[in-house]
Amino acid sequence: MSGSVVLIIRIVLTIAVYGFVGWSIWALWSDLKVSSISTVMQSVPTIYLDNGIQQFKFSSPEIIIGRDQVNELPIQDKAVSARHTRLSYHHGQWWVEDLKSRNGTFINEKQVLSSIVVTAGDKIKCATQEFQISFDE
């Protein structure tokens, strides 16, 4: 065989090997991403927010409370910011975080200044709206 034919065969084989390796990595990454999302969704315990009139049930890992209608818990109160508070589940616990709201977020009458863990029985207050937190047993 001539040198140019061998070179072309080597180039084609190299491209094929790199293509296969790239496709394999992409397939593994996609599968890992899907399985990690399903694992997170299965392990999130249900959280309940009770305002004394109505009980709200959530099973997603993140809940935004605020005046905006796209939030998971929209509140029609002018004292509540559009995106007021975030409840998120990570590291095996529910956390609350104030989203730089105008009137603040409070847990058991103490202002939330950074992300803190919430437990069953805690009372979360967004401006004038108060909710008691509970979880599935």
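Index from 1, following the sequence. Values below: every heavy atom of this structure, side chains too, minus hydrogens, waters and symmetry copies.
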Colleague: Determine the minimum heavy-atom distance between S60 and V44, stating which atoms define it.
Modeller: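 Smallest heavy-atom distance, with atoms named: O-CG1, 3.8 Å.
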Colleague: Other members of the hydrophobic cluster containing L113, with the 4.5 Å side-chain heavy-atom rule, please.
Modeller: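 Besides L113, the cluster holds no residue at all.
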Colleague: Mind checking what makes salt bridge (charged side-chain N to carboxylate O under 4.0 Å, His left out) contact with R67, not counting sequence neighbours?
Modeller: none
Colleague: For T46, which residues count as a side-chain contact (heavy atoms from CB on, under 4.5 Å) partner, sequence neighbours excluded?
Modeller: Y48, K57, S59, D136
Colleague: Going by side-chain heavy atoms closer than 4.5 Å, which hydrophobic residues are tied to F106, directly or by a chain of links?
Modeller: none
Colleague: I want to check something: taking the side chain as every heavy atom from C-beta on, are W94 and I63 in contact at a cut-off of under 4.5 Å?
Modeller: yes
Colleague: Contact between F131 and I75 at the side-chain level, heavy atoms closer than 4.5 Å - yes or no?
Modeller: yes
Colleague: Within the distance-only criterion (no hydrogens, no angle test), does the side chain of S134 pair as donor or acceptor with the backbone N or O of A120 below 3.5 angstrom?
Modeller: no
Colleague: State which residues pass side-chain hydrogen bond (donor to acceptor under 3.5 Å, both in side chains) with T105; sequence neighbours excluded, sorted by chain then number.
Modeller: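 By the side-chain hydrogen bond (donor to acceptor under 3.5 Å, both in side chains) rule, T105 matches T85, D98.
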Colleague: First locate atom OG of S81, then atom CG of N103, and finally report the distance between them rounded to the nearest 0.5 Å.
Modeller: 6.5 Å
Colleague: What closest approach, in Å, do C126 and V80 show between heavy atoms, and which atom pair accounts for it?
Modeller: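 In terms of heavy atoms, the two residues are closest at O-CG2, 3.7 Å.
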Colleague: By the rule that ILVMFWY residues connect when side-chain heavy atoms come within less than 4.5 angstrom, directly or transitively, which residues belong alongside V12?
Modeller: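 Hydrophobic cluster check, V12: joined to I8.
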Colleague: Other residues, nucleotides and ligands only: do more than 12 of their heavy atoms fall within 6.0 Å of CD on E109?
Modeller: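 No, CD of E109 has 12 or fewer neighbouring heavy atoms, counting only those of other groups under 6.0 Å.
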Colleague: Check whether D122 reaches the backbone of T119 with its side chain - one donor and one acceptor, N or O, closer than 3.5 Å.
Modeller: yes
Colleague: With rounding to the nearest 0.5 angstrom, report the CZ to CH2 distance, F20 to W23.
Modeller: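 Taking CZ in F20 and CH2 in W23, the distance rounds to 6.5 Å.
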Colleague: By side-chain contact (heavy atoms from CB on, under 4.5 Å), which residues pair with V6, not counting sequence neighbours?
Modeller: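 Checked V6 against side-chain contact (heavy atoms from CB on, under 4.5 Å); matches are M1, R10.
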Colleague: Report yes or no: does W95 contribute a side-chain atom to a donor-acceptor pair with the main-chain N or O of Y89 at less than 3.5 Å?
Modeller: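 Checked: no pair found.
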Colleague: Could you give the distance from CG (L73) to CG (L87), rounded to the nearest 0.5 Å?
Modeller: 9.0 Å
Colleague: Which residues pass the side-chain contact (heavy atoms from CB on, under 4.5 Å) test with Q54, sequence neighbours left out?
Modeller: N51, F56
Colleague: In chain order, what residues pass the side-chain contact (heavy atoms from CB on, under 4.5 Å) check against Y18, with sequence neighbours excluded?
Modeller: T14
Colleague: Transitively linked via ILVMFWY side-chain contacts under 4.5 Å: V96 with F58?
Modeller: yes
Colleague: Once salt bridge (charged side-chain N to carboxylate O under 4.0 Å, His left out) is applied, do any residues pair with E130, and if so which ones, sequence neighbours excluded?
Modeller: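 Per chain and number, E130 pairs via salt bridge (charged side-chain N to carboxylate O under 4.0 Å, His left out) with no residue.
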Colleague: Any idea which heavy atoms bring A79 and A127 closest together, and the distance?
Modeller: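 The pair with the smallest heavy-atom distance is O-CB, 3.2 Å.
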Colleague: Using the rule that Ile, Leu, Val, Met, Phe, Trp and Tyr join whenever any side-chain heavy atoms are under 4.5 Å apart, tell me whether I116 and L49 fall into a single cluster.
Modeller: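 Yes.
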Colleague: Among pairs that include at least one residue of residues 75-91, which meet salt bridge (charged side-chain N to carboxylate O under 4.0 Å, His left out), considering only residues two or more places apart or in two chains?
Modeller: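 The answer is E62-R86, R86-E97.
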Colleague: Working to the nearest 0.5 Å, report the span between NZ of K125 and CD of Q111.
Modeller: 11.5 Å
Colleague: To the nearest 0.5 Å, how far apart are CD1 in I65 and CD1 in I124?
Modeller: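 Separation between the atoms: 4.5 Å.
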Colleague: Does N71 have any side-chain hydrogen bond (donor to acceptor under 3.5 Å, both in side chains) partners at least two apart in sequence or in another chain, and if so, which?
Modeller: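 If we apply the side-chain hydrogen bond (donor to acceptor under 3.5 Å, both in side chains) test to N71, skipping adjacent residues, there are no hits.
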Colleague: Can you tell me how far CG of L28 sits from CG of L32, rounded to the nearest 0.5 angstrom?
Modeller: 8.5 Å
